[in-house]
Amino acid sequence: MAELHGNRIRLLDPATVNQIAAGEVVERPASVVKELVENSIDAGATRIIVLLESGREGITSLRITDNGCGMGAEDACTAFTPHATSKIQCIGDLDRCRTLGFRGEALASIAAVSQVTLVTMERDGGQSATEVIIRGGDIEKVNETGAPAGTTITVRDLFFNTPARKKFQKPGGSEIATITRTMEAFAIANPGIAFLFASNGNERLSTEGSGDLFDTIVAIYGSGVADELIPVSITEGPLNLNGYTSKPSLSRQNLYQVYVSINKRQVYARAVVEAVRAGYGTLLPENRYPVAFLDLGIDPSYIDVNVHPAKRIVHISRERDICAMVTGAVSRALKGADLVPRVPDGFHTMRKTDPSVSISRGYDHRARPAPGVAETGHGAVLLADRRLRHSELSPVTAGSGDGTTEFIYLGQYSGAYILAQGPSGDLLLVDQHAAHERVLYEQVTAFRDPDQEAQELLVPAILTLSPAESGILREYLPLLMEKGFSLEEFGKDTYAVRMVPVILGKPGNGEMVRDIIGDLISLPRKHGPDSGEQLARTIACHGAVKAGNVLTSGQCQRLLDQLSRMNEPWTCPHGRPVMISFTRERLDLLFKRT
Ligand code: ADP
Ligand code: MG
């Protein structure tokens, strides 16, 4: 048993307090980058350079350089004291606060868990520059030195004294991708600042800082994305909304490219994101999100930024009204825009002749039934057939289950659920998407031989990605190869998809790879399963028949047969139930027969 240290309450020493506080603000390298870049923006910088070095041990150094106001010698030292800030003086100032920082915690927290070298030179009236070296919160050295106006902060040995957080340093971790994404969001929210981000000397992101958001979008996402955008701009009550949102022809599997900033602050604002999406009404199918780059200018007195240690969440008063204005603005922008879809090169013929196209793609949104309406007709039957066939052809179809479970098809409900009778005579309601996902998942996990299970695309699909997407893809590349993909990088952030796993069906559909990457980017990875597992789940999800696909009775029975051979037919890979069962007794009870 651990020894208890008496019952006396004691005050923690300042170093311990700082280490504990540091956890809230800087939980990982990406949060260090976020805090330091915010400081540079607050310092009025017009140029910010982020250089990252990493090796087998993960990220070894982070350096942020700005041409902002800089600090005098005295401030350079005080800046590392907890709660030292130049940005507010009393709590009332928060209502007027337009800076990103205000708590005076970041530098103290970062210095508490790493070695920091600060070199800073005041822009106005500085005599000489100051260098401060601080480790584990202790100032080790202060020198006079020479440097251009602005500030450079180098962080090394991050988390050297907090081993638990070192896990983010693992090689192959997603940290660099997260940092890239953070940098993308900074650049989008601040088109007037020139950003440069490089990792081990390789430039990952660079913007001109022309002040024009559109230029910034082109620089980061390429003209493929930029050409599909519509401007959104309104001033209404307390809201001043500006930016771009995509035509329905450009959509993503999830919300990772809906960039929303509030007063140029990167925040997680799910309600606003959903409000943007709501502006599309039925122009987007239920499971898609637009690409959007929007800044909400809101009078600071409406915003409480002091509700989250890393300031990632803000409270908006009158949030409902503001969200309604956002929805209205997006909807009006779409109505006024020319939405005739432009089919990207290389997809045209595929899409036109492929009867399944109208089911899953955003290109012909006019022909699409309203969300929630079941997909029927010849095309749908063919697509479902193809998807089911992929999981039947697989050499591992036999599954690892013993095959003794038997499900008898009874009917289909609402294009989403299969009614069946289970092995012990129970009535089963089976979620068809979850069921197929389970089948595919067990196959993907058992997948061993890429040659047998991959199919070559007639024309390689070309994917142009953003730096963050490309970072994720690079990270997953070996795993993707293992699972039957063949991708080749040619040119910056551009890839040719040559092969996809058979179970994904639909040759020619490079967009599916993007959707898969989109999933991988937006998955919470902190406590989640490892990358191989994530990938298997994602592939299974994309290859599976969807809710809304009306299946023929034969197809339902085939799906049930496949399911019966699985190890774990009861839940989908995401842990949701595949089926709900009712015993005869339970039904009798429900009908009050007893
Ligand atoms: P906060 O940003 O909440 O004020 P920080 O710990 O991040 O707290 O920074 C403390 C102070 O150090 C800031 O208020 C600012 O005066 C100064 N400072 C930090 N980074 C810079 C920088 N890059 N340029 C100029 N001053 C800076
Ligand atoms: Mg700060």
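Each ligand, and each atom within it, is numbered from 1 in the order the structure gives.
Closest to atom 4 (O) of ligand 1, if we only count protein heavy atoms, is T85 OG1, 2.6 Å. Ranking protein heavy atoms by distance to atom 25 (C) of ligand 1, first place goes to A43 CB, 3.6 Å. Annotation: atom 2 (O) of ligand 1 to nearest protein heavy atom, K87 NZ, 2.7 Å. The single protein non-hydrogen atom nearest to atom 12 (O) of ligand 1 is A79 CB, 3.5 Å, given as residue, atom name and distance. With hydrogens left out, the protein atom closest to atom 15 (C) of ligand 1 is S86 OG, 3.5 Å, a heavy atom. The shortest contact between atom 8 (O) of ligand 1 and any protein heavy atom is with G104 CA, 3.1 Å. Regarding atom 6 (O) of ligand 1, its nearest protein heavy-atom neighbour is L107 N, 2.9 Å. Scanning all protein heavy atoms for the shortest distance to atom 23 (N) of ligand 1 gives D66 OD2, 2.9 Å.
No hydrogens or angles considered: a donor-acceptor pair under 3.5 Å links the side chains of D299 and S301. In this structure, a donor-acceptor pair under 3.5 Å is present between the side chains of T151 and T120.
Less than 4.0 angstrom separates some heavy atom of A106 from each of these atoms of ligand 1: 6 (O), 7 (O). Here is the list of ligand 1 atoms found below 4.0 Å of a heavy atom in G101: 2 (O), 3 (O). The ligand atoms of ligand 1 that sit less than 4.0 angstrom from a heavy atom of E105 are 6 (O), 8 (O).
Closest heavy-atom contact between L213 and I188: CD1-O, 3.4 Å. Among all heavy-atom pairs drawn from N190 and F195, the shortest one is O-CE1, 3.8 Å. Scanning all heavy atoms of the two residues, the minimum distance from I110 to S114 falls at O-OG, 2.8 Å. For the pair S261 and D295, the tightest heavy-atom approach, listed with the atom from each and the gap, is OG-OD1, 2.6 Å. Shown here for A112 and N161, the closest heavy-atom pair between the two residues is O-ND2, 2.9 Å. Between K87 and N39, the shortest heavy-atom contact is NZ-OD1, 3.3 Å.
Considering backbone and side-chain atoms together, M71 places no N or O closer than 3.5 Å to any N or O of ligand 1.
The closest side-chain heavy-atom distance from L62 to E53 is not below 4.5 Å.
Cation-pi check for R252 over Y289 is not met; the charged atom does not lie both under 6.0 angstrom from the ring centroid and within 45 degrees of its normal. Cation-pi geometry between R135 and F160 is met: the NZ or CZ atom falls under 6.0 Å from the ring centre, inside 45° of the normal.
Of all the heavy atoms of T151, the ones lying under 4.0 Å from any atom of ligand 1 belong exclusively to the side chain. At a heavy-atom distance under 4.0 Å, no atom of L100 approaches ligand 1. The part of A84 lying near ligand 1 is the backbone, judged by heavy-atom distances below 4.0 Å. Contacts with ligand 1 closer than 4.0 Å are made by no heavy atom of E38, backbone or side chain.
T85 lies apart from the Mg ion (ligand 2) in this respect, since none of its N, O or S atoms is found at a distance under 2.8 Å.
Within the set D42, N39, L118, the minimum heavy-atom distance to atom 5 (P) of ligand 1 is found for N39.
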